[in-house]
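Lettering of chains follows the sequences in order, A, B, ..., and the numbering in each one begins at 1.
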Amino acid sequence: MRASVVVFPGSNCDRDAAVALEAITGHAPRMVWHADSEIGETDLIVLPGGFSYGDYLRSGAMAAHSPVVRAVVGKARSGVPLLGICNGFQVLCESHLLPGALVRNHHLHFRNRDQRLRVGTTATRWTSDFQPDEEIVVPLKSGEGAYVADEATLDALEADGRVVARYVGNPNGSLRDIAGISNEAGTVVGLMPHPEHAVESLTGPSTDGLAFFTSIVRALVPA
Amino acid sequence: MKARVTVTLKNGVLDPQGKAIANAIGALGIGGVRDVRQGKFIEVELAETDPASARVALERMCKELLANPVIENYRYELEP
């Protein structure tokens, strides 16, 4: 199983994502630098959390135009599963792989808490190991984490079963309490909280994040 | 040519920073401020001297990078 984790200047959760992926897949992922214009053969891609390009202009805005993201978009369009965590979710919206945008938390505070979520759709490659409506606790650490989109987009996301998780106790003003969404095919998922920080009890509030990674492994390994 | 680009939040997008600024203006003892919306100002110096070509470049720059059309509007002024 070949996983890739993209690293932008300012990414800071890339190694944690790699640790989680290695623990679950048994293989160390390839770390791909933002300036690389090719990704090579890969079974899945993670865009990690952090502050790519210092969040200059807008979080994820400049990363969306980096050579590597052009390659990521190509891979995603050909069906390679893609998980964008926090800043990675911002990059997915800025590069239009997912609709909507992430804006400043409505109370203006950086919100750092072990956040309760309710799982939405389990029909994506990244959430199939969850039970519908399962409640989980995953760390949230963001200043620009409020998901916004126009009413038509929000209605479509809900009608099409593309809301991957909702906040229980909205921490940032996200519309419809949306914490994560997927594309139509269920291959590309953006999630504001950090599942890679809830994979071992020594370092996280729970191991509830594991199922995001076991889901994709199960999706990729023939039964 | 020099372009002065202004990027503002679309109506209907919550602007908590604008609200915080409005509160701070109140703390200065200045009343009568009904609303504050905060935006971005970006100056771009272009080597291009033809306004039509400059506008083409600016439109693309604004739509694809300087503004996020999901949440922001943009306008610009061009001068030689």
Whether B:Tyr74 and B:Tyr76 hold their rings parallel, tilted or perpendicular, with breakpoints at 30° and 60°: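 Aromatic pair B:Tyr74/B:Tyr76 classed parallel.
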Would [X] and [Y] pass as an ion pair if we require N to O under 4.0 Å?
| X | Y | value |
| --- | --- | --- |
| A:Glu158 | A:Arg166 | yes |
| A:Arg118 | A:Asp133 | no |
| B:Glu79 | B:Arg4 | yes |

Which atom of A:Leu175 lies closest to which atom of A:Val148, heavy atoms considered: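 Where A:Leu175 meets A:Val148 most closely, the heavy atoms are CD1-CA, 3.8 Å.
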Part of A:Asp150 lying under 4.5 Å from any heavy atom of chain B: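 No part of it gets close to chain B.
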Which atoms of A:His65 approach chain B - backbone, side chain, both or neither, heavy atom under 4.5 Å: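 It is the side chain, since no backbone atom gets that close.
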Leading residue by heavy atom contact count with chain A [cutoff under 4.5 Å; candidates B:Val13, B:Ile42, B:Leu66]: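 Of B:Val13, B:Ile42, B:Leu66, B:Leu66 has the most heavy-atom pairs under 4.5 Å with chain A.
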Contact class of [X] relative to chain A, heavy atoms under 4.5 angstrom:
| X | result |
| --- | --- |
| B:Glu72 | side chain |
| B:Leu9 | neither |
| B:Leu65 | both |

A:Phe212-A:Phe130 aromatic ring centre distance below 6.0 Å: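 Yes, the ring centres sit under 6.0 Å apart.
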Residues forming a salt bridge (Lys or Arg N to Asp or Glu O under 4.0 Å) with B:Arg75, sequence neighbours excluded: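 Salt bridge (Lys or Arg N to Asp or Glu O under 4.0 Å) list for B:Arg75, sorted by chain: empty.
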N/O donor-acceptor pair under 3.5 Å between A:Glu38 side chain and A:Gly40 backbone: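 No; zero donor-acceptor contacts below 3.5 Å.
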Members of residues 52-60 of chain B whose heavy atoms come closer than 4.5 Å to chain A: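 Not one residue of residues 52-60 of chain B has a heavy atom under 4.5 Å from chain A.
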Evaluation steps, salt bridge (charged side-chain N to carboxylate O under 4.0 Å, His left out), between A:Arg176 and A:Asp155: CA-CA 10 Å; A:Arg176 317 265 175 111; A:Asp155 289 342; 3.0 Å; yes
